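What follows is a set of notes on a single structure, which appears directly below.
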Amino acid sequence: MPKWFGKIGFGITQEVRPGVFKPVIVEHEYYGDVSVTVARTQASENVNDNIKINNTISIVADPFAVANFSTMKYIIYEGIKWKMSSVEVQYPRLIITMGEVYNGPKST
(Lines give C-alpha, C1' and ligand atoms only; values in the text may rest on other atoms or scores of the structure.)
Protein backbone atom coordinates (compact mmCIF):
# COMPACT_ATOMS: atom_id res chain seq x y z
CA MET A 1 0.00 0.00 0.00
CA PRO A 2 1.62 3.30 -1.08
CA LYS A 3 2.19 5.98 1.54
CA TRP A 4 1.14 9.62 1.22
CA PHE A 5 2.23 12.82 2.95
CA GLY A 6 0.66 16.13 2.06
CA LYS A 7 -1.65 18.98 2.92
CA ILE A 8 -5.40 19.17 3.32
CA GLY A 9 -7.21 22.51 3.00
CA PHE A 10 -10.02 23.33 5.41
CA GLY A 11 -12.54 26.14 4.85
CA ILE A 12 -12.78 27.73 8.30
CA THR A 13 -14.89 30.81 9.10
CA GLN A 14 -12.83 33.29 11.12
CA GLU A 15 -13.65 36.64 12.68
CA VAL A 16 -11.48 39.21 10.87
CA ARG A 17 -12.74 42.12 12.99
CA PRO A 18 -15.50 42.37 15.57
CA GLY A 19 -18.75 41.19 14.02
CA VAL A 20 -17.22 40.46 10.58
CA PHE A 21 -16.63 36.83 9.63
CA LYS A 22 -14.84 35.61 6.52
CA PRO A 23 -14.14 32.11 5.17
CA VAL A 24 -10.41 31.37 5.23
CA ILE A 25 -8.58 28.33 3.84
CA VAL A 26 -6.24 26.75 6.40
CA GLU A 27 -3.86 23.92 5.42
CA HIS A 28 -2.68 21.13 7.72
CA GLU A 29 -0.18 18.34 6.96
CA TYR A 30 -1.10 14.67 7.33
CA TYR A 31 0.27 11.18 6.73
CA GLY A 32 -1.82 8.47 5.12
CA ASP A 33 -2.13 5.38 2.96
CA VAL A 34 -3.37 5.34 -0.64
CA SER A 35 -5.66 2.34 -0.94
CA VAL A 36 -7.37 2.81 -4.32
CA THR A 37 -6.02 4.53 -7.42
CA VAL A 38 -8.46 5.08 -10.29
CA ALA A 39 -8.42 7.90 -12.84
CA ARG A 40 -10.98 8.59 -15.55
CA THR A 41 -12.16 11.37 -17.80
CA GLN A 42 -15.63 12.80 -17.55
CA ALA A 43 -17.31 14.14 -20.68
CA SER A 44 -18.28 17.79 -20.45
CA GLU A 45 -19.48 20.64 -22.62
CA ASN A 46 -16.01 22.19 -22.50
CA VAL A 47 -13.32 21.72 -25.14
CA ASN A 48 -11.37 19.39 -22.82
CA ASP A 49 -12.92 16.63 -20.74
CA ASN A 50 -12.74 16.90 -16.95
CA ILE A 51 -10.37 14.55 -15.14
CA LYS A 52 -11.81 12.80 -12.12
CA ILE A 53 -9.97 10.44 -9.81
CA ASN A 54 -11.51 8.11 -7.29
CA ASN A 55 -8.41 7.71 -5.16
CA THR A 56 -8.99 6.82 -1.54
CA ILE A 57 -6.55 8.02 1.11
CA SER A 58 -6.80 6.95 4.73
CA ILE A 59 -5.22 9.53 7.06
CA VAL A 60 -4.45 9.39 10.75
CA ALA A 61 -6.68 12.17 12.04
CA ASP A 62 -5.72 14.64 14.73
CA PRO A 63 -8.37 16.35 16.90
CA PHE A 64 -8.56 19.29 14.45
CA ALA A 65 -9.35 17.00 11.49
CA VAL A 66 -11.98 15.07 13.43
CA ALA A 67 -13.68 18.28 14.58
CA ASN A 68 -13.54 19.92 11.13
CA PHE A 69 -13.85 17.03 8.64
CA SER A 70 -17.02 18.58 7.23
CA THR A 71 -15.10 21.72 6.22
CA MET A 72 -12.42 19.90 4.17
CA LYS A 73 -12.15 21.55 0.75
CA TYR A 74 -9.21 19.88 -0.99
CA ILE A 75 -6.33 17.47 -0.67
CA ILE A 76 -3.00 17.91 -2.43
CA TYR A 77 -2.06 14.69 -4.23
CA GLU A 78 0.76 14.44 -6.79
CA GLY A 79 1.10 18.25 -6.66
CA ILE A 80 -2.53 18.92 -7.66
CA LYS A 81 -5.37 20.11 -5.45
CA TRP A 82 -8.35 17.69 -5.65
CA LYS A 83 -11.88 18.21 -4.32
CA MET A 84 -13.20 15.83 -1.70
CA SER A 85 -16.08 13.73 -2.96
CA SER A 86 -16.57 12.05 0.43
CA VAL A 87 -15.02 11.78 3.90
CA GLU A 88 -15.78 8.76 6.07
CA VAL A 89 -14.99 8.84 9.79
CA GLN A 90 -13.48 5.60 11.13
CA TYR A 91 -11.81 6.96 14.23
CA PRO A 92 -8.82 7.37 14.57
CA ARG A 93 -8.71 7.54 10.76
CA LEU A 94 -10.54 9.52 8.09
CA ILE A 95 -11.13 7.84 4.72
CA ILE A 96 -11.04 10.50 2.00
CA THR A 97 -12.25 9.92 -1.55
CA MET A 98 -11.09 12.47 -4.11
CA GLY A 99 -13.02 13.78 -7.10
CA GLU A 100 -12.31 16.54 -9.62
CA VAL A 101 -9.59 19.18 -9.69
CA TYR A 102 -10.18 21.92 -7.09
CA ASN A 103 -10.46 25.46 -8.49
CA GLY A 104 -11.78 27.31 -5.44
CA PRO A 105 -10.13 29.73 -3.01
CA LYS A 106 -6.51 29.05 -2.03
CA SER A 107 -4.76 29.38 1.31
CA THR A 108 -2.85 32.57 2.02
Side-chain angles (χ1 to χ4, degrees):
M1 187 177 300
K3 302 294 182 190
W4 171 83
F5 173 76
K7 294 182 180 181
I8 295 177
F10 295 83
I12 306 296
T13 302
Q14 293 182 343
E15 189 171 17
V16 291
R17 38 183 203 270
V20 178
F21 293 87
K22 180 180 178 183
V24 177
I25 301 294
V26 178
E27 291 184 343
H28 287 260
E29 294 180 336
Y30 293 96
Y31 290 92
D33 300 316
V34 180
S35 55
V36 177
T37 304
V38 177
R40 61 187 166 104
T41 58
Q42 182 177 358
S44 67
E45 296 177 3
N46 300 329
V47 174
N48 296 323
D49 290 341
N50 294 333
I51 296 174
K52 185 172 184 177
I53 61 175
N54 289 341
N55 291 8
T56 301
I57 294 182
S58 172
I59 66 165
V60 178
D62 61 3
F64 180 84
V66 172
N68 295 290
F69 74 91
S70 62
T71 65
M72 288 181 174
K73 298 294 183 188
Y74 61 82
I75 184 168
I76 300 175
Y77 179 74
E78 300 292 331
I80 300 171
K81 293 180 181 176
W82 298 94
K83 290 181 189 178
M84 310 284 188
S85 61
S86 70
V87 179
E88 179 182 348
V89 179
Q90 291 184 358
Y91 192 79
R93 302 184 78 80
L94 295 178
I95 313 300
I96 299 166
T97 305
M98 294 178 264
E100 298 178 354
V101 174
Y102 176 80
N103 292 316
K106 311 287 191 253
S107 66
T108 55

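This one's a predicted model, so the numbers in the text were calculated from it and none came from an experiment.
Applying the side-chain contact (heavy atoms from CB on, under 4.5 Å) test between Ile8 and each of Ile75, Val26, Asn68 identifies Ile75 as the sole match.
For residues 56-78, no pair satisfies salt bridge (charged side-chain N to carboxylate O under 4.0 Å, His left out), with sequence neighbours left out. Residue pairs that meet the salt bridge (charged side-chain N to carboxylate O under 4.0 Å, His left out) test with at least one member in residues 4-25, sequence neighbours left out, are Lys7-Glu27.
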Name each donor-acceptor pair under 3.5 Å that joins a side chain in residues 86-94 to protein atoms two or more places apart or in another chain, with its distance.
{"from": "Ser86", "atom 1": "OG", "to": "Thr97", "atom 2": "OG1", "distance (Å)": "3.3"}
{"from": "Glu88", "atom 1": "OE2", "to": "Gln90", "atom 2": "NE2", "distance (Å)": "2.7"}
{"from": "Arg93", "atom 1": "NE", "to": "Ser58", "atom 2": "OG", "distance (Å)": "2.6"}
{"from": "Arg93", "atom 1": "NH2", "to": "Asp33", "atom 2": "OD2", "distance (Å)": "3.1"}
{"from": "Arg93", "atom 1": "NH2", "to": "Ser58", "atom 2": "O", "distance (Å)": "3.0"}
{"from": "Arg93", "atom 1": "NH2", "to": "Ser58", "atom 2": "OG", "distance (Å)": "3.3"}

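Hydrophobic cluster membership is shared by Val34 and Ile59, with clusters built from Ile, Leu, Val, Met, Phe, Trp and Tyr side chains linked at under 4.5 angstrom.
For Tyr30 against Ala65, the heavy-atom pair with the smallest separation is OH-CB, 3.4 Å. Between Ile25 and Tyr74, the shortest heavy-atom distance links the atoms CG2-OH, 3.5 Å.
From Ile12, atom CD1 reaches atom OG1 of Thr71 across 3.5 Å, with rounding to the nearest 0.5 Å. Atoms CH2 and CD1, from Trp82 and Ile76 in turn, are 12.5 Å apart once rounded to the nearest 0.5 Å.
Phe64 meets the ring pair (Phe, Tyr, Trp, His ring centres under 6.0 Å) test with Phe10, His28; sequence neighbours excluded. Judged as a ring pair (Phe, Tyr, Trp, His ring centres under 6.0 Å), and not counting sequence neighbours, Phe69 has no contacts.
Summarising the hydrophobic clusters (Ile, Leu, Val, Met, Phe, Trp, Tyr; side-chain heavy atoms under 4.5 Å, direct or chained), the residues clustered with Tyr31 are Phe5.
Residues Phe21 and Gln14 have side chains not in contact (no heavy-atom distance under 4.5 Å, counting atoms from C-beta outward). Counting heavy atoms from C-beta outward, Lys83 and Val101 have side chains that stay 4.5 Å or more apart. Side-chain contact between Ile95 and Thr56 is present, with at least one heavy-atom pair separated by less than 4.5 Å.
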Verdict with reasoning, Thr13 to Val24, per side-chain contact (heavy atoms from CB on, under 4.5 Å): CA-CA 6 Å; Thr13 302; Val24 177; over 6 Å; no
